[in-house]
Each structure stands twice: as C-alpha cells, then as structure tokens.
Undergrad: 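Take a look at this one; I'll ask things after.
Throughout, protein chains are lettered first and strands after them, A, B, ... in sequence-line order, and every chain is numbered starting at 1.
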Amino acid sequence: DAMVIQNPRYQVTQFGKPVTLSCSQTLNHNVMYWYQQKSSQAPKLLFHYYDKDFNNEADTPDNFQSRRPNTSFCFLDIRSPGLGDAAMYLCATSVGGVGTEAFFGQGTRLTVV
Amino acid sequence: AQSVTQLGSHVSVSEGALVLLRCNYSSSVPPYLFWYVQYPNQGLQLLLKYTTGATLVKGINGFEAEFKKSETSFHLTKPSAHMSDAAEYFCAVSDSNQFYFGTGTSLTVIP
C-alpha cells in the first residue's frame, strides 16, 4: 500500500547529541511536511518542501534543519537537541495545491535524556 | 490569515449517544476544511474534507460534517458513539500548501 513511513517510531537521544529522523513516501507527492507535536497540543509546522523548494516557518528554531534528497525521502535533523525538543514529530505529504489533503506518517516519538 | 478554533478541549459522551465536536474557522478566501483523528502514539488520519459543492460531507467511520458559511462553522457529528471513537480530533483549514490545525478535542466515550 502507498503510504508515508517514518523511522524510527521511537528515538531516544542525549541532550546536545545530533539526531536525524527520516520519512519516506510511496505516494509520489510533491509536498512533504515536518510537524512537531507536543503533548495535548496541535501539530506545529516546522517546514515543508514543494519539490525541492524549501519553505521554513518563521518561528522554527535554527536548531532544526531538513533535507530532501529526492522525491521519496525527507529528513529532519536536530543539531543539538534540548529537553524542550522532546515531542512527537510527524511527517506528512500532499499532492499540493488548494483543497488537497495531507497524508501523515505514524510519527516518531523523540525523547531527550 | 486562516485559522480554526475548536470549542471544547474535552468532550465526553456515552456509548450510543450523539457526538458533536465544534469547529469554527476564519478565512479571507473560500476555505478548504478538514477533520483529522489521532489515536494515541499515531499519526493523523483524515476523516473527511470540504472543498466545494455539497455542504454536508460524509467521511469514514460514520462521521459527517456540515459546512455553514453563515456561521463560519464546520462541526463534526456522528449519530451514535462507539468505544473505538475515543481519540483526539483536529479541525484544520488549508491555504494552498499549508494546513492550520485547531488545538484539538479529546473525545472520551463512556460505556
């Protein structure tokens, strides 16, 4: 089945140690998103790619970076994780354009120790 | 700017009772509206969406929502709650390639 796959589902990292979360899609969608979701809160958009065009949200900390080497894969890099970065990270894709829905992966739960 | 407001962060209903989750939107252009459901430690799953056309939209799992422009609302309903409906529900509005989510409503179903 076509889908959005996030790996790993659970990630534990040390304070200050760089970590990378990955997302792949078989939907061949143009747009890929990274959201951060803290407990009992709405998903917060960090950035998105439309094809190779990178769009960063104004309030996304510099500590968060992203790479999209090809259509299928997108990575979230956290350069120096702090305790406040512990959250669920959600990857989503969309065909793009008005009215099209987003398809979400299962998420990666990041714990910072 | 587009936004959605979900009234009621927690809703409890008895099994078999009507489910009503409220969402109001703010949009300067015709809105594209969505309801998503999230189960614990899972991603978001699309329940239904409104783009154009019929204002009563039917989704999965027996849910439906009605777009009311005069009230700027897009409330989610289900005639009879099931235990498996217990989850977090998010209303969202989209603007081209961005989605703006509400703060969510946690639905508890009481047996």
Undergrad: Counting heavy-atom pairs closer than 4.5 Å to chain A, which one of Gln38(B), Gln42(B), Gln45(B) comes out on top?
TA: Gln42(B)
Undergrad: May I ask you to name which of Thr103(B), Leu44(B), Leu33(B), Thr51(B) has the most heavy-atom pairs under 4.5 Å with chain A?
TA: Leu44(B)
Undergrad: Can you tell which of Gln37(A), Arg109(A), His48(A), Met88(A) has the highest number of heavy-atom pairs within less than 4.5 Å of chain B?
TA: Gln37(A)
Undergrad: Can you run down the ring pair (Phe, Tyr, Trp, His ring centres under 6.0 Å) pairs that involve residues 4-32 of chain A, sequence neighbours left out, and say none if there aren't any?
TA: His29(A)-Phe103(A)
Undergrad: Counting only non-hydrogen atoms closer than 4.5 Å, does Glu101(A) touch chain B with its backbone (N, CA, C, O), its side chain (CB onward), both, or neither?
TA: both
Undergrad: Quick check on ring-ring contact (aromatic ring centres under 6.0 Å, His included): which of Trp35(B), Tyr32(B), Phe34(B), Tyr50(B) does Phe67(B) satisfy it with?
TA: Tyr50(B)
Undergrad: Contact part of Phe99(B) toward chain A, heavy-atom cut-off under 4.5 Å: side chain, backbone, both or neither?
TA: both
Undergrad: What pairs meet the salt bridge (Lys or Arg N to Asp or Glu O under 4.0 Å) rule with one or both residues in residues 78-93 of chain A, with sequence neighbours excluded?
TA: none
Undergrad: Heavy-atom pairs under 4.5 Å with chain B - which of Gly107(A), Pro43(A), Gly96(A) has more of them than the others?
TA: Pro43(A)
Undergrad: Would you tell me whether Cys23(A) and Cys74(A) have their SG atoms within less than 2.5 Å of each other?
TA: no
Undergrad: Verify whether the ring centers belonging to Phe47(A) and Phe54(A) lie closer than 6.0 Å.
TA: yes
